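Working notes, beginning with the structure itself.
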Amino acid sequence: MSSNPTLAIGGLPANLDADILLELKETADKLCSPGKGFLAADESAGPWLRAGHSEAKKVPDNAENRAAYRSVCFTTPGLSANISGVILHTETLYQENADGVALVDLIKGQGMIPGIKLDKGYAKDKGLAGTKIGPLGHQETFCRGIDDLQKRAADAYARGARFAKWRNVLQIDPAQGLPSDLAIQEACTNLARYAAICQSERLVPIVEPEIVPNGNHDIFACAAATERVLAAQFKALSDANVYLEGCVLKPNMVKNGLEGPQATSEEIATLTVQALKRTVPPAVPGIFFLSGEMPLDMDNEEAASINLSTMNAMFPNLPWHLSFSFGKALQKTTIVTWAKGVNAGDDVAATNAAAQKALLNRSAANSQAVLGKYVAGSCASVGTDGNIVQAAGPY
Ligand code: 13P
């Protein structure tokens, strides 16, 4: 884009000052640096509870342990070669490590950009009126947090955050007509409102309308739902006067349901890229996939790296940076390595170093995947032994 702010505004109403547009674009471009993606470290509870592993479950979920684990991740030497931005929970943005150093400073010190999760999640038992119960076992939902968002966004910026995330959840059940038009409209309008507010506070919004994989549908049902949702999402962003060059998308990959017929990574890559081409304007600089829940007999880290790499290998000239914003699929081996050491009472420095090595390895694997060059099996992972059902629901 031009660094001329008048040209940057184009057909948008001049609702943002020119210097804000330039800052948003600059941040978004840095987040989309070649070969880089996000570490999604914004889990509400201890990240190890989401990992879905028997060993991890034994670590007490308290603020001290969360800070300890996350400090280990954020101080991984060399991590910024593969990670541009780290998404934080509010607790972490304002948290210090045992030595009194702000965690946000650890991230900045490593040359990575801190971000903040701003949605306040959803209530499983207070869904959208009249909607059906989907495969997650609850009605279709909406996320809370818009009311005080302006202030929380301004505060997060003052504390060092430069981008934000908001995740809305949609479910697939073709027989019941899920996702419903109502749920799509609510999710997309709400995300557009959030995105506009973030931009007014100089935060690049990650727009995340996640369609969860729960259910027994095939990949084509997911393709249809993803295309409907993304088309609605970009209409809503346009209606809300969101500056597309200063925001990024975090979608699900197009896949079969957890209990549906298994699609190949080539099918996943083809249908995912097709859905994106049909719906996401080239003005959007980057698309960063979530990894999502996977079947217990699947190595989620390896599968996510392979799927992303297949997309970039099959479709090398896409208009967007096609990358990762993985939580579970970036941290699984790291968490299990760390948790095993903690549970066994091993030397702390050795445990931390081993966990950091795992994080660096998987982030490098995903960096290769962004370039379409990940070699399947070349990154060690804990595999599927010890897998248990992970914590689900609001992130
Ligand atoms: P995953 O753990 O599924 O990669 O999700 C990351 C995330 O940030 C979801 O909002």
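Both counts, for ligands and for their atoms, begin at 1 and track the order of listing. This structure is a prediction, so every number in the text was calculated from the model and none was measured.
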Answer yes or no: does atom CG of D385 have more than 12 heavy-atom neighbours from other residues, nucleotides or ligands under 6.0 Å?
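Atom CG in D385 is not packed in, count stays at 12 or less.
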
Does ligand 1 have any N/O pairs with the protein under 3.5 Å, and how far apart?
residue	atom	partner	partner atom	Å
ligand 1	2 (O)	K328	N	2.8
ligand 1	2 (O)	K328	NZ	3.0
ligand 1	2 (O)	Y395	OH	2.9
ligand 1	3 (O)	S291	OG	3.4
ligand 1	3 (O)	G292	N	2.6
ligand 1	3 (O)	K328	NZ	2.8
ligand 1	4 (O)	S291	N	2.8
ligand 1	4 (O)	S291	OG	2.5
ligand 1	4 (O)	G327	N	2.8
ligand 1	8 (O)	K165	NZ	2.7
ligand 1	8 (O)	K250	NZ	2.5
ligand 1	10 (O)	K165	NZ	2.4
ligand 1	10 (O)	E208	OE1	2.9
ligand 1	10 (O)	E208	OE2	2.8

Could you state the interatomic distance from NZ (K332) to CG (N300), rounded to the nearest 0.5 Å?
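So the NZ of K332 and the CG of N300 are separated by 4.5 Å.
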
Between F38 and F163, what is the ring plane arrangement, given parallel below 30°, perpendicular above 60°, and tilted in between?
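Judged by the thresholds at 30° and 60°, the geometry between F38 and F163 is parallel.
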
Is it true that the side chains of D119 and N168 contain a donor and an acceptor less than 3.5 Å apart?
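No, no side-chain donor-acceptor pair sits under 3.5 Å.
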
Do the side-chain N and O atoms of Q331 and E43 include a donor-acceptor pair separated by under 3.5 angstrom?
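Yes.
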
Against E201, only a single residue in R152, Q150, K151 fulfils side-chain hydrogen bond (donor to acceptor under 3.5 Å, both in side chains); can you say which?
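Single pass found, and it is Q150.
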
